[in-house]
Amino acid sequence: MAVSISTLEVGRQIGSTTVDITRQDLVRYAGASGDLNPIHWNQAFAEGVGLPGVIAHGMFTMGAVVQLVTDWAGDPAAVIDYQTRFTKPVVVEDTTARPGEPGAVVEVTGIVGAIDTERSTARIDLTVTFAGQKVLVKAQAVVRLP
């Protein structure tokens, strides 16, 4: 069932999900994006520059969490704007010895933050946390709906 602008209410939750991240995900993303910075795959390097460990790419995290909105809207093209600020790193443990176990779990919840019936758009505000701390703030996706 497609979401309709006429059925939305400000403050209504659109859903919640978790995003499991492994170091293998980061290596694949690095290859696809061209961001080969060793802080995203090399523990010793990451710690050597003062990080607590290997961290997920900010754009990887941003892209993974907006999936909640595209799934809800039923069409990735419905997202016409998406913005956020990065506040904390997502540290991804090495779980290669434990196949299937994520190195980090990011929690995402979406709420209808604003509705513009004239433009047939809704702003979805995302709360994105890792280890009990917000890792993205002002994460907002604008969606055009029928």
Side-chain angles (χ1 to χ4, degrees), residues 1-3 5 8-116 119-145:
M1 180 174 121
V3 178
I5 196 80
L8 296 184
E9 296 175 20
V10 171
R12 183 169 142 207
Q13 183 174 315
I14 67 159
S16 62
T17 192
T18 58
V19 178
D20 294 346
I21 304 171
T22 65
R23 292 232 182 135
Q24 293 83 355
D25 295 329
L26 301 184
V27 170
R28 285 191 286 277
Y29 182 82
S33 70
D35 182 350
L36 305 176
N37 189 325
I39 64 172
H40 302 303
W41 55 270
N42 184 307
Q43 183 77 24
F45 185 89
E47 290 174 352
V49 297
L51 293 169
V54 167
I55 63 170
H57 304 74
M59 296 305 286
F60 174 89
T61 304
M62 185 179 177
V65 303
V66 78
Q67 187 70 46
L68 174 69
V69 179
T70 60
D71 288 349
W72 168 78
D75 178 9
V79 177
I80 59 172
D81 186 52
Y82 179 40
Q83 303 175 36
T84 193
R85 287 191 356 227
F86 304 98
T87 57
K88 303 259 186 218
V90 175
V91 181
V92 182
E93 292 180 43
D94 184 2
T95 59
T96 53
R98 302 183 307 269
E101 185 177 322
V105 178
V106 174
E107 298 176 355
V108 187
T109 302
I111 304 280
V112 178
I115 300 168
D116 184 336
R119 290 191 171 100
S120 195
T121 61
R123 187 190 77 223
I124 307 303
D125 299 337
L126 298 174
T127 300
V128 182
T129 60
F130 166 69
Q133 295 189 344
K134 288 186 180 181
V135 293
L136 302 180
V137 296
K138 290 195 158 269
Q140 299 175 331
V142 177
V143 182
R144 178 158 290 125
L145 298 169

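Along the sequence shown, the residues carry numbers beginning at 1.
No donor-acceptor pair under 3.5 Å is formed between the side chain of T18 and the backbone N or O of V106. The main-chain N or O of V137 is never found under 3.5 Å from a side-chain atom of T87 such that the two would form a donor-acceptor pair.
Once rounded to the nearest 0.5 Å, the distance linking CD of E47 with CD1 of I39 reads 13.0 Å. Annotation: the span from N37 atom CG to F45 atom CZ amounts to 6.0 Å, rounded to 0.5 Å. With values rounded to the nearest 0.5 angstrom, Y29 atom OH is found 11.5 Å from I21 atom CD1. To the nearest 0.5 angstrom, L8 atom CG is 10.0 Å from T121 atom OG1. Separating the CG atom in L68 from the OG1 atom in T109 is a distance of 7.5 Å, to the nearest 0.5 Å.
Applying the salt bridge (Lys or Arg N to Asp or Glu O under 4.0 Å) test to every pair with at least one member in residues 132-141, sequence neighbours left out, gives no pairs at all. Residue pairs meeting the salt bridge (Lys or Arg N to Asp or Glu O under 4.0 Å) criterion with at least one partner in residues 49-67, sequence neighbours excluded, do not occur; the list is empty. Sorted by first and then second residue, the salt bridge (Lys or Arg N to Asp or Glu O under 4.0 Å) pairs involving residues 12-32 (not counting sequence neighbours) are D25-R28.
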Inset, instruction - Decide side-chain hydrogen bond (donor to acceptor under 3.5 Å, both in side chains) for T22 and Q24; before the verdict, give the C-alpha distance in whole Å, the side-chain angles of both, and the deciding distance to 0.1 Å. - result: CA-CA 5 Å; T22 65; Q24 293 83 355; 3.3 Å; yes
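For D35, there are no side-chain hydrogen bond (donor to acceptor under 3.5 Å, both in side chains) partners two or more places apart in sequence or in a different chain. Residues satisfying the side-chain hydrogen bond (donor to acceptor under 3.5 Å, both in side chains) test with Q67, not counting sequence neighbours, are T70, D71.
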In residues 76-83, what donor-acceptor pairs under 3.5 Å come from side-chain atoms, sequence neighbours left out?
residue: D81; atom: OD2; partner: Q83; partner atom: NE2; Å: 2.8
residue: Y82; atom: OH; partner: M62; partner atom: O; Å: 2.8

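Classified by interplanar angle (parallel below 30°, tilted 30° to 60°, perpendicular above 60°), the ring pair H57/H40 is parallel.
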